[in-house]
Amino acid sequence: MSLPNRIFAALLAGAGMGILAQTLAPNHPILVWFVRNLSEPLGRMWLSALIMVVIPLILSTLSTGVAALGSLREVGRLGALTLLCFLFLTTTSSALGIFTMNLLRPGAALAAEVKQQLLAAYAGEVGSAAEMAGRSLWPELVVKLIPRNPVQAAAAGDMLAVIVFALFLGVGLATAGEKAGALGSVLEGLAHTTVAIINLVMRVAPVGVFCLIFSVSARFGWRLLLTLSSFVVTVVGALAVFQFVVYPLVVRLVAGRAPLEFLRRIRLVMVTAFSTSSSNATLPTTMRVAQDELGISREVAGFVLPLGATLNMNGTALFEGATVLFLAQVFGVPLSLKAQVLVVLLAVVTAIGTAGVPGGSLPLLMMVLATVGVPPEGIAVVFGVDRLLDMCRTTLNVTGDLVTASIVERWSWARFESGR
Ligand code: ASP
């Protein structure tokens, strides 16, 4: 069996056994022990092993990618095309989320006592997200984009700041030319070495995926899913439309590729994103698949994908737009057309600022809620089903990166040496 198929089988087995265990013996001491002491720690170890290589990977591939582009003009051209794709996809997806919620209005039907129960049950968990949401987008978060100390930024896991540093490093390398000496080859070496580590880590992916999915599904409140089924079905439906209709259309029309073949080739990326709920943890796999399966040049992959893993979050934007509207319906806050356009814009901006980690969008989502006058603590209503939605939206987030890389590969005029 090929690796993607084995991972997919592990995913199904983990989900099936987790749901079964939760249904037959919910909170049984053996199940709790197994999850706490075996499946969860093992899953987390695998996830950490993937995330471990993300900083060296971004640093080495983005800097050498930019340096390979040669001139600032080329970087600007590729950058502009990349950002244009990101913006187009993110705006379209958040608009789709809002449109679907307006159409089906599941929030209006949620019973008042269910709302109160959920608010009470998840109030505690909202606290930590609220702390982060207190920071303002401008100037605080934007100023922080340029790190004073790149080592500190890396240690804090601040990917945006690491990306900015890597971009500067690449431009510096290209400008210094010969004088950079061995630094270019050291970074190239680092890039190859991280790929080798990733290949090793991915060999045990079926075990890691099984453990992660089992832990999530054995603990997941499946009953809650029924209560919130209209919300979940609406969001997942809209995400599915984007994944299986909008992306394929864009892939066919703009990237000039066969959509089904495209989806087939990236299935390893999709299952990894689905099981890890993290764009960052998936980045190493995304990079490998882009080059090996889609034949995208190392320069384009090295430039577009690290940026995409942090900046381009189509699934997150869709989820944010949809959730703001849902909660506005639940709390009876009328949102005018103007307010809804603002939600689209805010969803785009906050999706850009979202960290590619599980639940990364929740603090920023609270910020959007507060801005348009919906009580931010209301997020407690959807907290319990967030993990499942996170798995789905992260799959879109990384698919969007590969769609963009395919477009940039086709339309960038520069021909790269490593291009096939
Ligand atoms: N988990 C998402 C990602 O890593 C971010 C989010 O929407 O919470 O792409």
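Indexing begins at 1, ligand by ligand and atom by atom, following the structure's order. Just so it is clear, the values below take in all heavy atoms, side chains as well, and ignore hydrogens, waters and symmetry mates.
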Would you mind listing which atoms of ligand 1 come within a distance below 4.0 Å of any non-hydrogen atom of T394?
1 (N), 2 (C), 3 (C), 4 (O), 9 (O)
Nearest neighbour in protein (non-hydrogen) for atom 1 (N) of ligand 1
D390 OD1, 2.7 Å
Do E320 and R393 sit within salt-bridge range, that is, some charged N less than 4.0 Å from a carboxylate O?
no
Please write down residue, atom name and distance for the protein heavy atom closest to atom 9 (O) of ligand 1.
S279 OG, 2.5 Å
Below the 3.5 angstrom mark, is there an N/O of G360, backbone or side chain, next to an N/O of ligand 1?
yes
Quick one: does ligand 1 sit under 4.0 Å from the side chain of V357, the backbone, both or neither, non-hydrogen atoms only?
backbone
Can you confirm if the NZ or CZ of R257 lies within 45° of the ring axis of F262 and under 6.0 Å from the centre of its six-membered ring?
no
To the nearest 0.5 Å, tell me how far L104 CG sits from F99 CZ.
9.0 Å
Could you list which atoms of ligand 1 come closer than 4.0 Å to a heavy atom of S277?
1 (N), 4 (O)
For M313, take its heavy atoms, then give the atoms of ligand 1 lying under 4.0 Å from any of them.
9 (O)
List every atom of ligand 1 that sits less than 4.0 Å from any heavy atom of T316, numbering the atoms from 1 in the order shown and giving each element.
5 (C), 6 (C), 7 (O)
Under 3.5 Å between any N/O of T354 and any N/O of ligand 1: does that happen in this structure?
no
Could you list which atoms of ligand 1 come closer than 4.0 Å to a heavy atom of S278?
4 (O)
Are any of the side-chain nitrogens in R36 or E40 under 4.0 Å away from the carboxylate oxygens of its partner?
no
L345, CG: over 12 other non-hydrogen atoms inside 6.0 angstrom
yes
List ligand 1 atoms under 4.0 Å from G359, heavy atoms only on the residue side.
8 (O)
Would you check, one step at a time, whether the test side-chain hydrogen bond (donor to acceptor under 3.5 Å, both in side chains) holds for S297 with E409?
CA-CA 7 Å; S297 63; E409 178 75 17; 3.0 Å; yes
Only one of D158, L160, I163 passes side-chain contact (heavy atoms from CB on, under 4.5 Å) with L145; say which it is.
L160
Do we see a donor-acceptor contact under 3.5 Å between the side chains of S215 and R44?
no
Ligand 1 to S361, heavy atom cutoff 4.0 Å, flagged ligand atoms 6 (C), 7 (O), 8 (O)
